[in-house]
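Computed from heavy atoms alone, side chains included, the values below leave out hydrogens, waters and symmetry copies. Positions are given from 1 along the sequence. Quick caveat: nothing in here was measured; it's all calculated off a predicted structure.
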Amino acid sequence: MGLGTEQTERGLTVLVGRLTDGFTKLVTQHLTLARVELIEDARVMGSDVARIAAFVPFVLVGYAFLCAALSAFLARWIGWDGALALVGAANLVGGGLGIARAATRLKSFRLMDDTAQELNRSVTALAQAPVPVPVPAVQPATLPGEAGHGR
């Protein structure tokens, strides 16, 4: 009598359990991927920040040399000031180019790009039409006393 309904409920319970397990595994994998990618992104960004820090002294030395050259130029009008200006300009240009290159790389770097792509794939897969699960046809149960008694 209720055997079909009982089997359907057990089948639904199994399907819901599988769905829950699969969804839990998916979320866990996404969190693991996000963690790994965040660590890698932090490492790359740290490297770029270190490069910027490495070129800052060149900019400072260049500025110091240009200031010294300008002072010497104004004080003597000729002499060793040209050499100081050349060294200062070379340091300033070299340091500025190094900082600009590292800063451009930092600006173009996309954080957690792989995680975002995986999440988009998962959302797309979950948004697709679900596959219909065949459910056996269940006839409504009739009580023995109802058959043929016209009350």
Side-chain angles (χ1 to χ4, degrees), residues 2-141:
L3 186 62
T5 305
E6 200 173 293
Q7 286 178 343
T8 302
E9 287 176 3
R10 262 192 266 145
L12 283 174
T13 303
V14 170
L15 288 175
V16 169
R18 286 182 187 167
L19 177 66
T20 303
D21 290 342
F23 187 72
T24 302
K25 186 176 181 181
L26 177 68
V27 169
T28 302
Q29 288 174 343
H30 278 298
L31 290 175
T32 302
L33 175 64
R35 184 176 153 256
V36 168
E37 191 173 2
L38 190 59
I39 289 169
E40 177 64 21
D41 289 350
R43 186 190 64 77
V44 170
M45 286 182 69
S47 173
D48 288 340
V49 169
R51 281 191 188 113
I52 289 173
F55 285 106
V56 167
F58 290 107
V59 172
L60 294 176
V61 168
Y63 179 73
F65 274 113
L66 284 176
C67 288
L70 181 60
S71 298
F73 179 74
L74 292 174
R76 298 193 178 131
W77 294 101
I78 203 160
W80 51 272
D81 52 348
L84 289 175
L86 182 62
V87 171
N91 275 298
L92 188 62
V93 169
L97 289 175
I99 289 174
R101 183 173 176 221
T104 302
R105 185 174 168 182
L106 274 176
K107 286 179 187 176
S108 67
F109 190 74
R110 293 183 55 172
L111 285 175
M112 298 181 66
D113 193 36
D114 292 338
T115 298
Q117 289 175 3
E118 283 300 320
L119 281 173
N120 283 336
R121 280 190 219 130
S122 295
V123 168
T124 302
L126 291 173
Q128 291 178 352
V131 177
V133 177
V135 178
V138 178
Q139 298 293 329

Do H30 and L26 make a side-chain contact, defined as non-hydrogen atoms from C-beta onward lying under 4.5 Å apart?
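In contact.
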By the salt bridge (charged side-chain N to carboxylate O under 4.0 Å, His left out) test, which pairs, at least two apart or in different chains, include something from residues 18-33?
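Sorted pair list comes back empty.
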Mind checking the CD1-OG1 spacing from I99 to T104? Nearest 0.5 Å is all I need.
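The OG1 atom of T104 is 11.5 Å from CD1 of I99, to the nearest 0.5 Å.
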side-chain contact (heavy atoms from CB on, under 4.5 Å) against T24, all qualifying residues, sequence neighbours excluded:
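Once residues adjacent in sequence are excluded, the partners of T24 under the side-chain contact (heavy atoms from CB on, under 4.5 Å) criterion are T20, T28.
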Show the atom names and distances, to 0.1 Å, of all donor-acceptor pairs under 3.5 Å that link a side chain in residues 42-59 to residues at least two apart or in another chain.
from, atom 1, to, atom 2, distance (Å)
R43, NE, E40, OE1, 3.4
R43, NH2, E40, OE2, 2.6
D48, OD1, R51, NH1, 3.0

